[in-house]
Every structure is written in structure tokens, then in C-alpha cells.
Amino acid sequence: MTSADPVAASPEPGRSRAVTDDELRGRIVRAAAELLAQGGREAVTTRAAASRAGVSPPVIFRLFGEKDGLLSAVAEYGYARFTAAKTPLQPTDDPVDDLRAAWSLTVEFGLSNPEFFLLIYSEPHSAAMAEAMRGGAQRMHARIQRAAAAGRL
């Protein structure tokens, strides 16, 4: 069965239609993200996430493996939210203002989402997450290089 299959391994009781693994993953990740935001990393248990998402705990193990797999998926979700907030940043004529704006968004995200920030920046991650973070670091480095090239560092 692939994640594109229209039928999940065992539909949960009370389901009127089959859901894909991708739909289940999204629902579980959002539920775990809510738990993280409300109670920190300790609140994100497979049982609590399953309950909040309306699935049985074995569904989480099937889709994510152990709790670390779920936390990695939540970190990816949080990082995607963070980078979506930065997308509107377009270069201006002032490289220092551009650097300041990017850094301000980073600090603002961290202050507004402290549990996500801690999870994103302090935990080991999946290969996809590591690649996304490398991309973010490269963008920030490019902003710093642009300010340096203008003689403004």
C-alpha cells in the first residue's frame, strides 16, 4: 500500500469514508503540533496525539515509527510554517535592512512559538528537515554576504 492508496490500513471506527495515509499523517501531525504548542515536548505522546487526531496509537507507529519519527514530522511542520512566514521577504536596495528583516522574523517566530523553535533547532532531524535547514542557513548566509559586499557589516 502506498500513501496514495485511497484506503488506510484499518479505517478507524466510525469512519464513513476511507482516508489516505497522507491525510492521516497530516491530521496526526497537526494534533501533535497542538499538543506541543500547549504543553511542550513532554505533552506530545503517541497516545495523546492519537487521541487528539481520532486514531488508534498503532496508526501512529505504522506511519511514523516511534515517537521520534512523530516529533521529526512535527518539527518539519513547524519549520514549514516558519519558512512560509519568511517567503514574502524580497530583496530591497538595502542589504542591512533585508538582513534585519529576516533576523526579526526568526526572533519573532521563536518568541511566538517557543516550543516549535526549541524542537526545530535542538533536536536531531530527518534528512528532509536537515536539508531544509541547510537551505535556510544558505539564504541567511547570502543575506550576510550581500551586506558584507556593500561594506556594511
Side-chain angles (χ1 to χ4, degrees), residues 1-6 8 17 19-55 59-153:
M1 178 179 340
T2 68
S3 62
D5 283 343
R17 72 172 185 88
V19 294
T20 66
D21 282 353
D22 286 343
E23 290 171 322
L24 282 174
R25 278 182 66 82
R27 192 165 75 222
I28 293 165
V29 167
R30 286 188 300 278
E34 290 170 6
L35 290 167
L36 178 72
Q38 293 169 354
R41 187 171 190 258
E42 298 76 30
V44 183
T45 65
T46 53
R47 185 174 302 279
S51 176
R52 180 158 295 196
V55 300
V59 173
I60 291 181
F61 290 107
R62 180 175 62 80
L63 295 174
F64 300 97
E66 299 297 323
K67 179 180 172 180
D68 287 344
L70 176 59
L71 286 172
S72 188
V74 172
E76 289 175 29
Y77 172 80
Y79 193 73
R81 286 180 45 204
F82 169 56
T83 57
K86 292 176 76 169
T87 302
L89 291 180
Q90 297 297 320
T92 68
D93 292 338
D94 189 337
V96 174
D97 279 347
D98 293 348
L99 179 60
R100 186 177 293 121
W103 186 250
S104 292
L105 280 176
T106 302
V107 171
E108 181 182 322
F109 180 82
L111 292 173
S112 300
N113 303 279
E115 296 300 334
F116 274 112
F117 198 83
L118 286 171
L119 184 63
I120 290 167
Y121 288 102
S122 68
E123 294 291 321
H125 303 292
S126 67
M129 182 69 182
E131 183 61 31
M133 290 183 76
R134 270 192 296 280
Q138 288 170 345
R139 286 187 296 279
M140 187 61 83
H141 188 249
R143 287 183 179 101
I144 293 167
Q145 284 183 317
R146 189 168 165 247
R152 299 206 37 219
L153 269 190

| Taking side chain as C-beta onward, heavy atoms only, is F117 less than 4.5 Å from T106? | yes
| message | Restricting to side chain to side chain contact (heavy atoms under 4.5 Å, CB included), what partner residues turn up for T45, sequence neighbours left out? | response | R47, A48
| said: Apply side-chain contact (heavy atoms from CB on, under 4.5 Å) to residues E66 and T46 and explain how you reach the verdict. | reply: CA-CA 8 Å; E66 299 297 323; T46 53; over 6 Å; no
| request: Taking the side chain as every heavy atom from C-beta outward, state whether T83 and R139 have any atom pair closer than 4.5 Å. | output: yes
| Between CZ on residue R41 and CG on residue L71, distance to nearest 0.5 Å | 5.0 Å
| message | Any carboxylate oxygen within less than 4.0 angstrom of a Lys/Arg side-chain nitrogen, looking at D22 and R25? | response | no
| message | Tell me which one of D94, D97, L99 satisfies side-chain contact (heavy atoms from CB on, under 4.5 Å) with R152. | response | D94
| query | Can you tell me how far CD of E108 sits from CH2 of W103, rounded to the nearest 0.5 angstrom? | reply | 13.5 Å
| field | Minimal non-hydrogen separation, G54 against R27, with atom names | value | O-NH2, 4.2 Å
| message | Is there a side-chain contact (heavy atoms from CB on, under 4.5 Å) between M133 and I120? Walk through the geometry before answering. | response | CA-CA 9 Å; M133 290 183 76; I120 290 167; 4.2 Å; yes
| remark: What one should report as the nearest heavy-atom pair of R146 and P95 is NH1-CA, 3.5 Å
| field | Atom pair CD1/CG of I144 and L153 - distance to nearest 0.5 Å | value | 7.0 Å
| task | May I ask you to decide if D68's main-chain N or O and S72's side chain share a donor-acceptor pair within less than 3.5 Å? | result | no
| D98 versus Q90, closest heavy-atom pair with distance | OD1-O, 4.2 Å
